[in-house]
2 protein chains.
Amino acid sequence: MTIPDLVIDRLPQYARVLASLDDQGRDVVSSQEFAELLGRRGDGADRPWSAAQVRKDLSYFGRFGKQGRGYNVRKLMDELRSILGLNRQWRMAVVGIGRLGHAILGYQGFTPQGFRIVEGFDSSPHLIGQHVDGLTIRNTADLEATLKETRVDIGIVAVPAETAQSVIDALVRCGVRAILNYAPISARVPKSVQIRHVDPVLALQSMTYYLKASATLD
Amino acid sequence: MTIPDLVIDRLPQYARVLASLDDQGRDVVSSQEFAELLGRRGDGADRPWSAAQVRKDLSYFGRFGKQGRGYNVRKLMDELRSILGLNRQWRMAVVGIGRLGHAILGYQGFTPQGFRIVEGFDSSPHLIGQHVDGLTIRNTADLEATLKETRVDIGIVAVPAETAQSVIDALVRCGVRAILNYAPISARVPKSVQIRHVDPVLALQSMTYYLKASATLD
DNA sequence: ATCTGTGAAGCACTTCACAGCG
DNA sequence: CGCTGTGAAGTGCTTCACAGAT
């Protein structure tokens, strides 16, 4: 049985809702209530979440619920975190320490989820050697040499569009198998490498299509 | 004929590739080459782009190509920008001027695409009244009063998870019909309001599923 | 009575394949 | 001959609906 990629994409959202329920001290939740708590999908597909989809998605991995009762919040959360590989530390390197890179280094949301930034690279001479958020910035030219010494699981690309593809290529050569790309480009990577794009402009540009019709003019 | 939301989501990526081709002085592109330039989808669905999909997507909106030649880069780009509503200015308000909010205010990528930040809100007394990137920060408590005076098309939410839903509710009450949410929550908004989430942690958590299998241990 | 797990049905998007135009 | 535009076929995800467990 092969698991659709779309299902994998939804699991982190499930895990987050469960963490929130757990914080509130809730022990049990039904697929029905779960679907309501998932709110609106933040992507194009504007279909609401359904209880059936939650049950079906979970059924790919096992039988986690109790008929007549629902799902144990804590247990299901632990299962999902295990399925997603979140019960360990992941080591990340950030390339590009401009405004965006600084914000990424300072972001407080990674560590509690087990994502740790262990290296920072930039090519600007007045940044190399500087200490930023407890990290010594290294020269991007030394990326490949450094990553031969230090294991890094995930590369974060925060350089300008012009140099992004070559940085991605370098990361791939170093054996990095997952890339989080903040640069506004359509990157090319081998099939064996995971990549996700974070691009607020693309998100905005798909919303304006729907606004356009009834928007007041500028 | 009804246009799938998934098609709308792809159009901004098409527009971006065309802009890049235009920069390089290219006049014409075939659907085949176009698909290759689109690189890897940065989402779960790991299927490659196909020439047929590009042609099909474009055909929802008109007949923009020339048989035997391909598509005129400039013309197609203009068409797409018009379809997406990108040939005008969009006014945005940022709520939450912490580290993330600061980075958003300073981000250079919005303005060239026609997205202008015209208001900034925070609830912290030592930020209210301060000038940040040419903007006077207002009190979040005055959000509704301010947006009665100044038109804002899009709300950007950069507050902590705990207060995000209430900020979103306030924006919706003000008639804001599109929201870009950076807070790590599953937000609830009416169907008439567009919402997109920017969440690097969710992106990371879906990649680790695929890394898990063969990753070296920590 | 309630709610899960799941084959089967339904549906929506993608891909095919070719007519038709330049 | 090359490449678009597009009905039709194919595919894969979603929803249905109900048996089965508590």
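Every chain is numbered from 1 and lettered A, B, ... according to where its sequence line falls, protein lines coming before strand lines.
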Closer than 4.0 Å, any side-chain N/O of [X] to the OP1 or OP2 of [N]?
| X | N | value |
| --- | --- | --- |
| B/Gln67 | C/dG20 | no |
| B/Arg69 | D/dC1 | no |
| A/Ser31 | C/dT4 | yes |

Closest nucleotide of DNA chain D for B/Gly65 versus for A/Pro4: which of these residues is on the 5' side?
->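 The answer here is B/Gly65.
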
5'-most contact on DNA chain D: A/Lys66 or A/Val7, nearest heavy atom basis?
->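 Here A/Val7 is the residue nearer the 5' end.
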
Whole angstrom value for the distance that separates [atom2] of [N] from [atom1] of [X]:
| X | N | atom1 | atom2 | result |
| --- | --- | --- | --- | --- |
| B/Glu33 | D/dC3 | CD | P | 10 Å |
| A/Leu38 | D/dT14 | CG | P | 13 Å |
| B/Asp57 | D/dT6 | CG | C1' | 13 Å |
| A/Gln53 | C/dA12 | CD | C1' | 14 Å |
| A/Arg47 | D/dG12 | CZ | C1' | 12 Å |
| B/Met1 | C/dA12 | CE | C1' | 15 Å |
| A/Asp43 | C/dA12 | CG | P | 16 Å |
| A/Leu58 | D/dT14 | CG | C1' | 15 Å |

Side chain to side chain, A/Pro200 and B/Leu180, heavy atoms closer than 4.5 Å =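 Yes, close enough: below the 4.5 Å cut-off.
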
Along DNA chain C (nearest heavy atom to each residue), the more 5'-positioned of B/Trp49 and A/Arg55 =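 It is A/Arg55, whose closest nucleotide lies nearer the 5' terminus.
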
Exercise: identify the closest heavy-atom pair between B/Ala161 and B/Ala183 =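 For B/Ala161 and B/Ala183, the tightest heavy-atom pair comes out as CA-CB, 4.4 Å.
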
Passing candidate, ring-ring contact (aromatic ring centres under 6.0 Å, His included) with B/Phe34, options B/Tyr71, B/Phe64, B/Tyr14 = B/Tyr14

Nearest to the side chain of [X] - [options]?
| X | options | value |
| --- | --- | --- |
| A/Lys56 | C/dG7, C/dT14, C/dC13 | C/dG7 |
| A/Tyr60 | D/dT15, D/dT14, C/dC18 | D/dT14 |
| A/Ser30 | D/dT14, C/dG5, C/dC3 | C/dC3 |

State the CG-CD distance between A/Asp5 and A/Gln194, to the nearest 0.5 angstrom.
->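 Here the interatomic distance stands at 7.5 Å.
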
Donor-acceptor side-chain pairing of B/Asp57 and B/Gln53 below 3.5 angstrom = no

Decide yes or no, distance alone: a donor-acceptor N/O pair under 3.5 angstrom between the base of C/dG5 and the side-chain of A/Arg63.
->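 Donor-acceptor pair under 3.5 Å: no.
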
